[in-house]
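Below is one structure, written out as structure tokens, with a few remarks after it.
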Amino acid sequence: MLGRSFRSLMKSKLLIILFLGMILILYMFDSMHNSSTGFPSSEEKTAVKNVVNHSDQDQGLVRPIVLGFSQLGSESAWRNANTISIREAAEEAGIELHFEDADQSQSKQFEAIRTFIKQKVDVIAIAPVIESGWEPILKEIKQAGIPLIILDRLVNVSDPSLYVTYIGSDFYEEGRKAGKYVIDKMNSRKDTVGIVELVGTEGSTPSIARGKGFRDVIKEHENFKILKSESADFTFAQGKQVMKSILNNMSHEINVLYSHNDDMALGAIEAIEEFGLRPGKDIIIISVDGTNKAFEKMAEGKINSVVECNPLLGPNLMQAVNELMQGRSLPKRIVTPESVFTETMALEEVGKRKY
């Protein structure tokens with residue numbers, strides 16, 4: 001009886017040992033399988049998770065570059081294309097963009113700049129609505145230790161160290177190009193060539209420089225006379241209204257219209273047609289910008305020449321921002337390459353323009 005109980009107990013213990021042994025073998029096989037196939041064990045999964053968490057925390061310390069940009073407004077198709085270019089380029093470059101539209105107001109630009117300073121952005125960029133009145137606010141930016149980039153239009157300051165670089169067009173050269181085209185086009189005329197000039201926003205860099213460049217070219221030709229120079233604020237509506245008023249007073253004297261941008265030229269074309277004249281024939285039209293709408297009118301023979309002014313400055317701006325943050329020096333002026341287009345070139349270009 002005792003011997004039978006002992007044998008039964010030993011048998012039970014043996015079964016337990018065998019069971020435990022099988023578990024141990026299965027565990028070892030599972031570990032070897034995980035190691036050979038690349039599937040992580042639960043402990044490995046925990047370790048990887050911890051590494052990822054630490055990596056995420058480390059990456060969180062490297063925040064994106066923050067750019068505060070004050071856009072002067074949305075007065076034209078050119079300006080809208082400029083804004084889109086900046087937004088898209090910032091996203092592509094991984095730069096955090098703080099964007100403020102000033103609606104043609106310098107005081108709103110001042111407010112935006114002070115907001116950027118409070119936000120402690122890395123770089124500030126400004127497309128100034130006019131040239132004057134910037135020195136005090138630019139000194140505030142410098143005192144805050146934030147580098148400043150001027151875009152599209154210049155600022156008139158006594159201390160050029162208040163900004164790092166200017167990115168944009170050579171507006172004076174654009175005016176010269178327009179003047180050269182007028183001389184070539186009207187060179188056979190020996191009598192007076194009457195010119196009307198539609199100017200953009202008064203006091204803005206394009207208006208000042210495009211006007212001066214144009215005058216410096218035509219002044220050598222005594223029969224070329226600017227009959228009227230009037231601001232139409234770079235807008236279609238003002239271009240039409242101002243041109244209508246000028247036509248009512250001196251339509252028989254006008255041979256050439258020189259418009260400082262396409263939107264004003266397009267408005268003026270409507271006014272000319274409503275008056276009963278043929279734009280591009282009765283009145284030769286030269287515009288500046290190079291929007292697709294202007295090329296369509298040029299293909300129709302209603303605009304004779306367009307001097308290009310490239311609004312797609314976003315990539316240039318983001319490259320400059322990145323180089324600044326890397327400690328590189330930049331040239332004081334970065335000028336974008338541009339062309340002159342005439343009626344014979346218009347058909348090839350229509351539809352190709354990005355703005």
Side-chain angles (χ1 to χ4, degrees), residues 68-76 78-79 82-83 86 100-114 116-117 123-142 146-179 197-216 226 229-235 238-239 258-264 288-289 307 309-311 313 316-317 320 330-336 338:
F69 177 61
S70 173
Q71 177 64 285
L72 64 91
S74 54
E75 78 287 353
S76 63
W78 190 100
R79 185 65 50 194
N82 180 244
T83 293
I86 289 164
E100 293 291 340
D101 186 329
D103 193 27
Q104 303 289 106
S105 168
Q106 188 180 44
S107 61
K108 287 184 178 180
Q109 291 199 286
F110 293 167
E111 291 173 13
I113 289 166
R114 292 192 173 104
F116 297 151
I117 292 171
V123 181
I124 291 175
I126 304 167
V129 63
I130 58 174
E131 282 193 359
S132 60
W134 288 97
E135 196 135 355
I137 192 74
L138 265 55
K139 286 180 179 178
E140 291 181 34
I141 297 172
K142 188 173 182 178
I146 301 173
L148 172 65
I149 296 172
I150 304 298
L151 192 77
D152 175 35
R153 301 180 180 182
L154 285 165
V155 292
N156 185 8
V157 292
S158 60
D159 180 7
S161 71
L162 291 174
Y163 65 93
V164 177
T165 188
Y166 161 78
I167 302 172
S169 302
D170 187 336
F171 300 120
Y172 176 78
E173 186 59 29
E174 289 171 355
R176 287 185 60 83
K177 289 174 182 176
E197 180 184 39
L198 291 183
V199 180
T201 305
E202 291 184 13
S204 68
T205 307
S207 296
I208 295 168
R210 285 172 185 163
K212 187 176 189 308
F214 185 81
R215 283 166 175 76
D216 284 352
I226 296 179
S229 178
E230 195 163 333
S231 172
D233 210 24
F234 288 124
T235 68
Q238 285 294 306
Y258 168 42
S259 175
H260 284 202
N261 87 331
D262 289 346
D263 285 71
M264 294 187 297
V288 181
D289 271 354
V307 178
C309 180
N310 187 359
L313 303 177
N316 304 75
L317 176 58
L330 296 175
K332 199 65 181 177
R333 184 164 185 161
I334 301 170
V335 178
T336 51
E338 295 163 339

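As the structure is a prediction and not an experimental result, all values here were calculated from the model. Counting begins at 1 with the first residue of the sequence.
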*Just by modelled atom types, is the Asp233 backbone N or O under 3.5 Å from a matching donor or acceptor in the Glu75 side chain?*
no

_With a 3.5 Å distance limit and no angle check, can you tell me whether Asn156 reaches the backbone of Glu131 through a side-chain donor-acceptor pair?_
no

*Ignoring hydrogens and geometry, is there a side-chain-to-backbone donor-acceptor pair from Thr201 to Ser204 under 3.5 Å?*
no

_Donor-acceptor contact below 3.5 Å, side chain Thr205 vs main chain Leu154_ = yes

*Asp152 backbone acceptor or donor facing Tyr166 side chain under 3.5 Å*: yes

*For Arg215 and Glu197, what are the C-alpha separation, side-chain angles and deciding distance, and is it a side chain to side chain contact (heavy atoms under 4.5 Å, CB included)?*
CA-CA 11 Å; Arg215 283 166 175 76; Glu197 180 184 39; 2.7 Å; yes

_Please check this pair: side chain of Asn82 against backbone of Pro311, looking for a donor-acceptor N/O pair closer than 3.5 Å._
yes

*Where does the angle between the aromatic ring planes of Trp134 and Phe110 fall among parallel (under 30°), tilted (30 to 60°) and perpendicular (over 60°)?*
perpendicular

*Are the side chain of Glu338 and the backbone of Asn310 linked by a donor-acceptor contact shorter than 3.5 Å?*
yes

*So, the side chain of Arg176 versus the backbone of Asp216: is there a donor-acceptor pair under 3.5 Å, distance only?*
no

*Establish, yes or no, whether the cationic atom of Lys142 lies under 6.0 Å from the six-membered ring centre of Tyr163 and within 45° of the ring axis.*
no

*asked:* Using the rule side-chain hydrogen bond (donor to acceptor under 3.5 Å, both in side chains), only one of Asp101, Asp103, Thr83 pairs with Gln71; which is it?
replied: Thr83

